[in-house]
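Both counts, for ligands and for their atoms, begin at 1 and track the order of listing.
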Amino acid sequence: MAYKRQTDRLPIIPADAQEFNVVCHYCIVGCGYKAYTWPINKQGGPAPHENKFGVDLGRQQDIETEAWYAPSMYNIVKQNGRDVHLVVKPDSNCVVNSGLGSIRGARMAENRPSRITGSQQQRLTDPLVWRNGTWQPTSWDDALDLVARVTARVITEGSEDDLVVSMFDHGGSAGGYENTWGTGKLYFGAMKVKNARIHNRPAYNSEVHSSRDMGVDELNYAYEDYQLTDTIFIVGANPMETQTNLFLNHMVKGLQNGAKMIVVDPRRSITVASAEQYAGKENVLHLPINEGTDLALLNALFTYIADQGWVDREFIEKSTFRDGVAVRQNEAYPASLGSFEHALEQVRMSVEEASKICGVPAADIVKAAEWIARPHEDGSRRKCVTAYEKGVIWGNDNYRTVGALVNIALATGNIGREGGGVCRLGGHQEGYFRPSDAHVGRPAEYVDQFLIRGLGGVHHIWACDHYKTTLNASEFKRVHKRRSDMVKDAIDAAAGGTREQLVDAIVAAINAGGLFVVDVDIIHSQIGQNAHVILPACESNEMNLTSMNGERRLRLSEKYMDPYGNSRPDCLIAAGIAQHMERVLREMGHDAYADQFKGFDWKTEEDAFMDGYHSANPEVTYERLRAMGTNGVQEPVVGYENGQLVGTKRLYADGRFTRHGREDGKALFCAGAWRGWQAPGKAREKASHRFWINNVRANIFWQNQFLDQDNEFIQDRYPHPFVEMHPDDMVELGINPGDLIEIVNENGVTQGMAYPMPTLKRNTVAMVFGSPAGSQGNVVNPGVNELVLPDYKHTWGDIRKISDATPETRAISFKSHEAVL
Ligand SMILES: Nc1nc2c(c(=O)[nH]1)N[C@H]1C(S)=C(S)[C@@H](COP(=O)(O)OP(=O)(O)OC[C@H]3O[C@@H](n4cnc5c(=O)[nH]c(N)nc54)[C@H](O)[C@@H]3O)O[C@H]1N2
Ligand SMILES: Nc1nc2c(c(=O)[nH]1)N[C@H]1C(S)=C(S)[C@@H](COP(=O)(O)OP(=O)(O)OC[C@H]3O[C@@H](n4cnc5c(=O)[nH]c(N)nc54)[C@H](O)[C@@H]3O)O[C@H]1N2
Ligand code: SF4
Ligand SMILES: [Mo]
């Protein structure tokens, strides 16, 4: 019997099983999968004509065979109201993953809700409304009517600024072009909501302002560039764990083709360990910099490369701005932007100075510069792909640091060319299509602080859980709970009254400082505990969903099962809210306002797609995308020829840079010098606590564990969030493996399970982020970088033991994470 899978034997996929294109909806990489479904009372057989693989299963298969699947790839789900067998397995014909799965994606099937196998019974089935002291299941009309009545009252008696919205801006589950359009059309079309924030940061803004201001979109390469390059330069990212099949199927192949890899990360990550295994230690350079000092390192690399003359003069002349300063530094631009020479003059930093600040030997900085830019012996240009993610995005001085990375790529002519690119590795897939957000302004409102200050009356939350994932979370939770409890109390007190009396009571509580909370999620989340209305969404593959991956590869991931219970696609929930708003506003006598909520008469997610994305990209339809299979097409789509959508392999292949909107098409350099800690309070916090609380992701978990928390495979391995510690620090503090510990500072407290990790630096820990059993965000201070970018990664605290290992934690393995690669 497969471990805890209640399966003894798995059925063979019959030859006539239905087949669907699937794109894994977890991470940015967007691996291709195939789903197979067939009736519950049938199964295939071993003869080639009896099974989907067309092979003789009576014989021993070779190790690389595709004719198998794992228990985690199987489930029994509902399709058109009937129970069907479901297998979701990696697609070997998809160029993204070439048949590889990951510990996350290969569990997509078992993470589907099933009444037959009992999986994911935490999924929401019906709208819930706070009534009679608890959440009562109800109909969509009842729930949406309450949402619309309270929202309409608050925004007509006050203004749209009193409606606060937290919403995904990504692809994958939630998000996708359908759902970003649904929510976008509601909040930025029908309304002009200014106090909005994105799922992962407390404002509605970019994660990479500077790259865009310099003219460079952050996803500009093709994944194959890793196989065509000389050097892979990774800064503040851990792709073996966080973009797993990009690492395994593209970066590793690059290493096997002879590329070198540089990894800038304060800790020795599994990416470093794994790259060394594939390429040998001599081809992997890990720069274990002091946390938060990337800007000094990058400016020194830029200076050294420029001084050696290892730059691409022709590219600089033709494709970049040549005339001094183009944009001056001010509140909206945390550094001036302009020519190569202007930037060099401003950011100049010697290798020795950088070595002192960053704590890495000067010789290693020089070696990195050589690997990045020293021309080959025959004088030809060296190719380098630069990749970065949350270690610098949620790091110190976001604007200048990302700008410094792009500087190096521009100076060496490594954008828009084979084997180049300077790209975010990414988080979720992307799928952004919304009306203009220009009304939000720059810098955008710091929405968490807005709520903490007691402002705003209604909070709509879409697919995020700030309880686990925001910064300054202790304070945020305290205030959010207090304000939403005021409304709960008012609802309880109005029990038995009419709808009008109920709405009056809620509005009175809001006017007294309360907050009415609507949560749209697939489960009853932690922030959902504060909600008065909970609206059940369905996920990707319970609906059709389009999104693009980290090389802008657009695919349609097909619906293969029914939404669970009465749950619905997010875009249709947004449409439902709009329709009820229109009706309620009309009843209230606001006809003109009501008219703004027209145009949501979508019946399906495809209608939302056609209304939104398709209107700007007329070549793209569901039918055409379906025909492009799991390989899809790389955006932007530029045509349709011979039955195929025609895409764009790399951006800026013509040497014209446009992301900043400048008509000259010239890229700008960023003149951002090193200036120490940028976000308020960081330097002080560092000085007053022993441990740096690094916070990281791990291969096994997806995000805030919303599905993992109901999956024994994951919970058995890590019943509490791991806090990796150096064994000598553990001995000093009397902590044993598996002991429960508390991390404390002036922002709050969080807890986790001590996990020895001998490769860590002393006085640093690495805690997994976003855990339901201990949120790292509790101890992150409210200080943000300019333009409201959180510095989650830099938090310091003290550690104390709260309990001996529990029977649960005593039973798990504490082998070094590096050893279990
Ligand atoms: N398995 C898994 N994969 C995921 C996710 C997941 O939850 N699980 N989430 C997805 C999402 S939404 C995102 S955004 C991405 C994030 O992907 P990554 O950015 O790769 O993930 P993190 O582990 O958050 O941070 C990366 C590294 O930053 C390092 N770091 C910390 N401080 C600094 C610093 O000052 N300088 C430098 N150079 N490095 C520093 C940490 O040690 C860590 O190894 O992952 C995506 N992929
Ligand atoms: N300390 C610290 N904090 C961080 C980070 C860090 O590195 N360190 N990283 C930040 C980053 S990069 C990210 S992306 C965020 C993640 O922060 P969140 O966005 O809060 O976390 P997720 O786990 O992505 O939340 C997904 C939520 O949406 C629900 N959901 C899933 N699918 C659907 C769907 O189809 N529809 C709807 N309506 N709901 C759905 C899930 O049940 C879950 O509650 O955390 C941020 N916070
Ligand atoms: S690497 Fe990312 S997209 Fe691919 S299977 Fe794993 S989680 Fe899914
Ligand atoms: Mo993210």
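The closest side-chain donor-acceptor pair between Ser484 and His532, if any, does not fall under 3.5 angstrom. In the model, Asn396 has no side-chain atom that pairs as donor or acceptor with a side-chain atom of Thr401 under 3.5 Å.
Here the protein heavy atom with the shortest distance to atom 18 (P) of ligand 2 is Thr469 OG1, 3.5 Å. In terms of protein heavy-atom proximity, atom 15 (C) of ligand 1 is closest to Gly426 O, 3.5 Å. Among protein heavy atoms, the minimum distance from atom 36 (N) of ligand 1 is reached at Asp294 OD1, 2.8 Å. Of all protein heavy atoms, the one lying nearest to atom 27 (C) of ligand 1 is Asp265 OD2, 3.5 Å. Counting only heavy atoms of the protein, atom 38 (N) of ligand 2 lies nearest to Asp570 OD1, 2.7 Å. The closest protein non-hydrogen atom to atom 31 (C) of ligand 1 is Asn694 OD1, 3.3 Å. The protein atom (non-hydrogen) at minimum distance from atom 11 (C) of ligand 1 is Gly427 CA, 3.1 Å. Protein heavy atom at the shortest distance from atom 23 (O) of ligand 1 is Arg697 N, 2.9 Å. Among protein heavy atoms, the minimum distance from atom 2 (C) of ligand 1 is reached at Phe701 O, 3.4 Å. Closest to atom 26 (C) of ligand 2 among all protein heavy atoms lies Ala463 O, 3.6 Å. Here the protein heavy atom with the shortest distance to atom 34 (C) of ligand 1 is Gly391 O, 3.4 Å.
Near Pro266, with a cut-off below 4.0 Å to any heavy atom, the atoms of ligand 1 are 30 (N), 33 (C), 34 (C), 36 (N), 37 (C), 39 (N), 40 (C). For ligand 1, the atoms sitting less than 4.0 Å from at least one non-hydrogen atom of Gly292 are 34 (C), 35 (O), numbered in the order shown with element in parentheses. The contact set between ligand 1 and Gln243, taken as ligand atoms under 4.0 Å from a residue heavy atom, comprises 17 (O). Taking a cut-off of under 4.0 Å to the non-hydrogen atoms of Phe706, the atoms of ligand 2 that pass are 23 (O), 26 (C), 31 (C), 41 (C), 42 (O), 43 (C). Residue contact check: Asp465 has heavy atoms under 4.0 Å from atoms 20 (O) of ligand 2. Below 4.0 Å from some heavy atom of Ala698 lie the following atoms of ligand 1, by number and element: 1 (N), 2 (C), 8 (N). Residue His199 approaches ligand 2 through these ligand atoms, each under 4.0 Å from one of its heavy atoms: 14 (S), 19 (O). Within ligand 1, counting atoms from 1 as listed, the ones closer than 4.0 Å to a heavy atom of Glu291 are 35 (O). Counting atoms of ligand 1 from 1 in the listed order, those under 4.0 Å from a heavy atom of Asn238 are 20 (O), 44 (O).
Residue contacts with ligand 1 leave out Ser102, since none of its heavy atoms falls under 4.0 Å from the ligand. Contact between His428 and ligand 2 is present, with at least one heavy atom of the residue lying under 4.0 Å from the ligand. Heavy-atom distances between Trp692 and ligand 1 reach below 4.0 Å in at least one pair. Residue contacts with ligand 2: Trp394 is included, with a non-hydrogen atom under 4.0 Å away. At least one heavy atom of His794 sits less than 4.0 Å from an atom of ligand 1. At least one heavy atom of Cys538 sits closer than 4.0 Å to an atom of ligand 2. Under a 4.0 Å heavy-atom criterion, Arg201 is not in contact with ligand 2.
Between Glu606 and Lys559 there is no salt bridge, since no side-chain N of the basic residue sits under 4.0 Å from a carboxylate O of the acidic one. Using a cutoff of 4.0 Å between basic side-chain nitrogens and carboxylate oxygens, Arg697 and Glu241 are not scored as salt-bridged.
Taking the six-membered ring where tryptophan is involved, the planes of Trp796 and His794 are essentially parallel, since the angle between them stays under 30° and well short of 60°.
Of the heavy atoms in Ala537, only side-chain atoms (C-beta onward) come closer than 4.0 Å to ligand 2. When heavy-atom distances to ligand 2 are checked against a 4.0 Å cut-off, Asn695 comes that close only through its side chain, counted from C-beta outward.
In this comparison of Gln429, Lys390, Arg104, the heavy atom closest to atom 14 (S) of ligand 1 sits on Lys390. Counting heavy atoms only, Trp702 comes closest to atom 10 (C) of ligand 1 of the residues Trp702, Tyr388, Phe247. The closest heavy-atom contact to atom 22 (P) of ligand 1, among the options Lys793, Glu207, Gln703, Gln705, comes from Lys793. Counting only non-hydrogen atoms, the option in Asp791, Asn699, Thr242 that gets closest to atom 20 (O) of ligand 1 is Thr242.
Ligand 1 has no nitrogen or oxygen under 3.5 angstrom from a nitrogen or oxygen of Ile289.
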Residues Gln121, Tyr564; criterion side-chain contact (heavy atoms from CB on, under 4.5 Å); working and verdict: CA-CA 10 Å; Gln121 290 303 290; Tyr564 199 47; 3.2 Å; yes

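Screening Tyr26, Trp702, Phe168 for a ring pair (Phe, Tyr, Trp, His ring centres under 6.0 Å) involving His428 leaves a single residue, Trp702.
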